[in-house]
Number of protein chains: 2
Amino acid sequence: MKAAAADQPAGNRRRSRRAGRPLAPVITADSIADAAIGLLDESGDFTMAQLARRLGVGASALYNHVTGKEEVLARVRELVSDRIDTDVFDSVPFFDALLVWARSYRDAFARHPATIAVFATTALDGAGRTTGMYERVVAAFLRAGWPEDDVMTTLVALEDFIMGAALDAVAPADMFQLRSPQDAPTLSRVTAAARRSPSGTRPAQASFEAGIEAMLTGLRVRLARLSA
Amino acid sequence: MKAAAADQPAGNRRRSRRAGRPLAPVITADSIADAAIGLLDESGDFTMAQLARRLGVGASALYNHVTGKEEVLARVRELVSDRIDTDVFDSVPFFDALLVWARSYRDAFARHPATIAVFATTALDGAGRTTGMYERVVAAFLRAGWPEDDVMTTLVALEDFIMGAALDAVAPADMFQLRSPQDAPTLSRVTAAARRSPSGTRPAQASFEAGIEAMLTGLRVRLARLSA
DNA sequence: ACCTGAACACCGTTCAAGT
DNA sequence: ACCTGAACACCGTTCAAGT
């Protein structure tokens, strides 16, 4: 009745590894984070059991490499932060760079909705890539002449909008598609008009562009006022 | 060994109710939503078991009144939406009203972080108070002369910012308090400057005010451009 | 109709046993 | 050090039994 253990070393399809320490580690903290981001991309969430299954180990094996799910999410955040473009600040004018940065920031997180709440509420722990991202953006604010004591306030305001837009990007397209339009005639009229409009872009996308444009317009005014 | 069942009818301290249908219903969909919002206020989250315990029933009893946790959250959203001030649109100029509305919107959700993601991603289902809130705000946009096919785009852009700010309001105050400041000297300098600044308001609050001001400034420009 | 209490499939995490 | 597999306390939800 015993199934033959015919696994190739590289294969992870079938379950067969006897208990005890393997000759070489099967997983690493990095491979765990990679697998997590894969699951996040595919289904928007992950469990420790799914993670372990994908890596071909038991769930408890994960805890030899990470302290728990929270650390996995923190590591995912680092990987996601890495996709945010901060190089633009060296090549184009400040406000133009801010627009590119904001778009890449929103896109990076819109693909991983499960990380948004964690990202927004977990403290930075030092030397990571997320900290590096902030360091470069803050430096750009200062080079643009932004008052030192207003940089964080403004940067976080921008982040608030970006995170809200990332959350919205995963909302159902028909959020405002009412069953009984007569209960909210004005809302129905306006959502219908939006659908007819020749935007081409998806609604969430259009709102992001409208919002970031308004915000940057307002921030130009703010900078002028604070500089005066 | 059997404990005496000495409960007052109104008391819900001790567990004692024999199986079978009670003479009068013990809970209702409304009392469930009320209890949920209480737990949300106290600890930022709730489980069906906690909800049942607070109501003095078994967890399975909840399912006689709601279909599941999702419905509970939807009902909480309705209660929260009810706290958003839309009356201002009748009493003060449009952009001033928008500011008051945005503040009350953010405050309503900042107290219930667990509902933010649900609110942002669940479709409206018709005749509720949330729909009513939208109906009144949309009407105000139109009265202010906003182009019909741009109302939803702009309203959602505002909501993106408000929701992001609500999420930020529950973030730890020391998010940017690095363990090793030398790894990010510019970021450290700027966060230190922000702490010294005589704002009086909390950082998340200051960012909300800066952001909504910038956004409304930008939207005034947008309205002028679209009207031209 | 509306409760209780047992049960189910799952969750994240711990830990002894094995190499 | 790093795996397996059993176990724990919990989660949301279902359902038979009781009135």
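Computed from a predicted structure; not experimentally measured. Here is the naming used below: chain letters follow the sequence lines, and residue numbers restart at 1 for every chain.
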Minimum-distance nucleotide to B:His65 side chain [options: D:dT4, C:dC2, D:dC11]: C:dC2
task: Take the protein atom CZ of A:Arg17 and the nucleotide atom P of C:dA17, then report the distance between them rounded to whole Å.
output: 22 Å
task: Identify whether NZ of Lys or CZ of Arg in B:Arg106 sits under 6.0 Å from the centre of the six-membered ring of B:Phe208 and within 45° of that ring's axis.
output: yes
task: Quick one: look up who C:dC2 pairs with, Watson-Crick or G-U, both distances under 3.5 Å, and put none if it's unpaired.
output: D:dG18
Closest to side chain of B:Ala59, choosing from D:dC11, C:dC11, D:dT13: D:dT13
message: What is the distance, to the nearest angstrom, from the NZ atom on B:Lys69 to the P atom on D:dT14?
response: 15 Å
- prompt: Are A:Arg54 and A:Glu42 ion-paired here, with the side-chain N under 4.0 Å from a carboxylate O?
  reply: yes
query: Can you tell me how far P of C:dG12 sits from CG of B:Asp45, to the nearest Å?
result: 15 Å
query: Between C:dC2 atom P and B:Leu23 atom CG, what is the distance in whole Å?
result: 13 Å
query: Listed by chain and number, what are the salt bridge (Lys or Arg N to Asp or Glu O under 4.0 Å) partners of B:Asp41, not counting sequence neighbours?
result: B:Arg111
Rounded distance (Å) that lies between atom P of C:dA9 and atom CE of B:Met48: 20 Å
query: Taking A:Thr154 for the side chain and A:Val151 for the main chain, is one N or O donor matched with an acceptor at less than 3.5 Å?
result: no
field: Among C:dT13, D:dC2, D:dT4, the nucleotide that comes nearest once only the side chain of A:Pro25 is considered
entry: D:dC2
query: Is it true that the side chains of A:Gln177 and A:Thr191 contain a donor and an acceptor less than 3.5 Å apart?
result: no
query: Taking for each residue the nucleotide of DNA chain D with the nearest heavy atom, is it B:Pro22 or B:Glu70 whose nucleotide lies nearer the 5' end?
result: B:Glu70
field: Nearest listed nucleotide, side chain of B:Ile27, among D:dT13, C:dC3, D:dC15
entry: C:dC3
field: Interatomic distance where OH belongs to A:Tyr63 and P belongs to D:dA1 [whole Å]
entry: 20 Å
task: Look at the side chain of B:Thr47 and the base of D:dG12, then say whether one donor and one acceptor between them are separated by less than 3.5 Å.
output: no
statement: Re C:dT13: Watson-Crick or G-U wobble partner, both distances kept under 3.5 Å, found to be D:dA7
First encountered from the 5' end of DNA chain D, between A:Asn64 and B:Arg21: A:Asn64
- request: Find the distance B:Leu62:CG to C:dC3:P and express it as a whole number of Å.
  value: 9 Å
task: Return the value, rounded to whole Å, for the distance between atom CD of A:Gln50 and atom C1' of C:dC10.
output: 11 Å
